[in-house]
Amino acid sequence: MPGKPKLHYANGRGKMESIRWLLAAAGVEFEEQFIETKEDLEKLRSDGLLLFQQVPMVEIDGMKMVQTRAILSYLAAKYNLYGKDLKERALIDMYVEGTTDLMGIIMYLPFQPPEAKEKNLALITDKATTRYFPVYEKVLKDHGQDYLVGNHFTWADVHLLEAILMAEECKSDILSKFPLLQAFKGRISNIPTIKKFLQPGSQRKPPPDEKYIAQVKQTFNV
Amino acid sequence: MSGKVKLHYFNGRGRMETIRWLLAGAGVEFEEYFFETREELIKLQQSGVLLFQQVPLVEIDGMKMVQTRAILNYIAAKHNLYGKDLKERVLIDMYVEATMDLNDLIMRHPMQPPEGREKNLALIVDKATNRYFPAYEKVLKDHGQDYLVGNQFSRADVQVLETILMMEEMKPDILAKFPLLQGFKARISNIPTIKKFLQPGSQRKSKIEEKMVPQVMKIFYG
């Protein structure tokens, strides 16, 4: 019996944020149940709702889906954001894995010891500007199209925008050497579903603050 | 112009091993190019064939594919090892993502400093026996079929077998409490393409010798 997808996670970005982005981009409304204490997590586990005792978990289409990439791939395919054939899918997968790696480093930054923060920030900036962004800039340059893959809007575009915005939170001028990515950012941000998600009051989560970090450490033993 | 599939990696398991397993399971022949020094890896990076300056790299169907999961997804879909529909695909994805989490722990284990080795081994064994293997045992129990998903051979079966065998190398009786996984292991090992891959002389790589670890680290990290 179809209802809205229901997301189970902490009340913050983490690994669930990319899923929120993709649902929002696809124009799919969703509910959220936040895990705020150890007990909340334990209950999900003891109720047998988490296949590998982990979150994210998304209740959708009669399934209790876990594993971030499994969920994202399912949503992308279901909402026609995964390209038109195997070759487009391969490109999307390669690009998304790149942005996943970059966002992964950024995600862990607040959980690093304070003395390592400056060094890690430099690492993020270095990786973003020498390994990842040049690739996407070149992709856009080579085909001259508005979207990364197949001349149409896909998951790869959503994921890259998310990564760009996260990187800009680390260093506001991080796109200074990437004019095509700047234009890309403007374009994708203006897609109606994305624009809505970027407005205050949406289900998009803010960067982690001290309180959130403490809560996550407590609840998840991070 | 299609030729043989070509793998670029060092002469060991690492992240390429799961790709070797899947190609072998699909009955696809492949050639391998090994780099043995840091200089050779740097040369590969400078040649521009590595999208994100990283390996694995697999040349297949005119593409230079990088990112392990992108490569695995492509091979699985191309060779009909990815289920018959979206629902089967998401089950497969959930199961293989978990094997990749466990594989990552196994892969990083030899890199632990000696004093942390025993504790790390205990952690991996705990995850395998309390988190991952019970899930797969239950899947097999609930449907009573020979294969994990959709009553047919898929990449999920290949990847779970790979992980089982690597765990057995760490603790030979790891399947003691999982009779259905024992049956599964025997069954999947007997599939002709898998059986062939398990024989001496195949392209399956051995577990890394401890004394080789510093050398391999040097290739990747300098």
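Every heavy atom of this structure was used, including side-chain atoms; hydrogens, water molecules and symmetry mates were not. Small disclaimer: the values here were computed from a predicted structure and weren't measured. Just so it is clear: chains get the letters A, B, ... in the order the sequence lines come, proteins before strands, and each one is counted from 1.
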_Given heavy-atom pairs under 4.5 angstrom as the criterion, report whether the side chain, backbone, both or neither of A/R131 touches chain B._
both

*Is B/Q145 atom CD crowded by more than 12 heavy atoms from other residues, nucleotides or ligands, each under 6.0 Å away?*
yes

*Distance-minimising heavy-atom pair for A/K87 and B/D61*: NZ-O, 2.7 Å

*Locate the shortest heavy-atom distance separating A/M94 from B/M65; write the atom from each residue and the value.*
SD-CA, 3.8 Å

*asked:* Within residues 124-142 of chain B, which residues come under 4.5 Å of chain A, heavy atom to heavy atom?
replied: B/R131, B/Y132, B/A135, B/Y136

*Would you name the heavy atoms of B/A70 and A/A90 that are closest together and state the gap between them?*
CB-O, 4.3 Å

*Report, as yes or no, whether the 6.0 Å neighbourhood of atom NZ on A/K205 holds more than 12 heavy atoms from other residues, nucleotides or ligands.*
yes

*Hey, is NZ on A/K38 packed in by over 12 heavy atoms from elsewhere, all under 6.0 Å?*
yes

*Tell me, for A/K127 versus chain B, whether the close heavy atoms (under 4.5 Å) come from the side chain, the backbone, both or neither.*
neither

_For the CD atom of B/E97 and the CG atom of A/L51, what is their distance to the nearest 0.5 Å?_
12.5 Å

*Kindly compute the distance separating CG (A/L72) from CG (B/D93), expressed to the nearest 0.5 Å.*
10.0 Å

*Heavy-atom pair count under 4.5 Å with chain A, highest-scoring of B/K78, B/Q53, B/R89*: B/R89

*Give the member of B/V96, B/V90, B/T68 that has the highest number of heavy-atom pairs under 4.5 Å with chain A.*
B/V90

*CD of B/E29: more than 12 outside heavy atoms within 6.0 angstrom?*
no

*Among residues 151-170 of chain A, which ones touch chain B with a heavy-atom distance under 4.5 Å?*
none

*Of all of A/Y132, A/Y74, A/Y95, which one pairs up most often with chain B through heavy atoms under 4.5 Å apart?*
A/Y74

*Answer whether the closest heavy-atom distance between the side chains of A/T100 and B/Q67 falls below 4.5 Å.*
no

_Atom CD of B/E118 with >12 non-hydrogen neighbours under 6.0 angstrom_ = no

*Is the OH atom of A/Y108 crowded by more than 12 outside heavy atoms at less than 6.0 Å?*
no

_More than 12 heavy atoms from other groups under 6.0 Å of NZ on A/K185_ = no

*What's the shortest heavy-atom distance between A/V135 and B/L51, and which atoms?*
CG2-O, 3.0 Å

*Do the side chains of A/D101 and B/Q54 get nearer than 4.5 Å, heavy atoms only?*
yes

*Spacing of CG belonging to B/N73 relative to OH belonging to A/Y82, to within rounding of 0.5 Å*: 5.0 Å

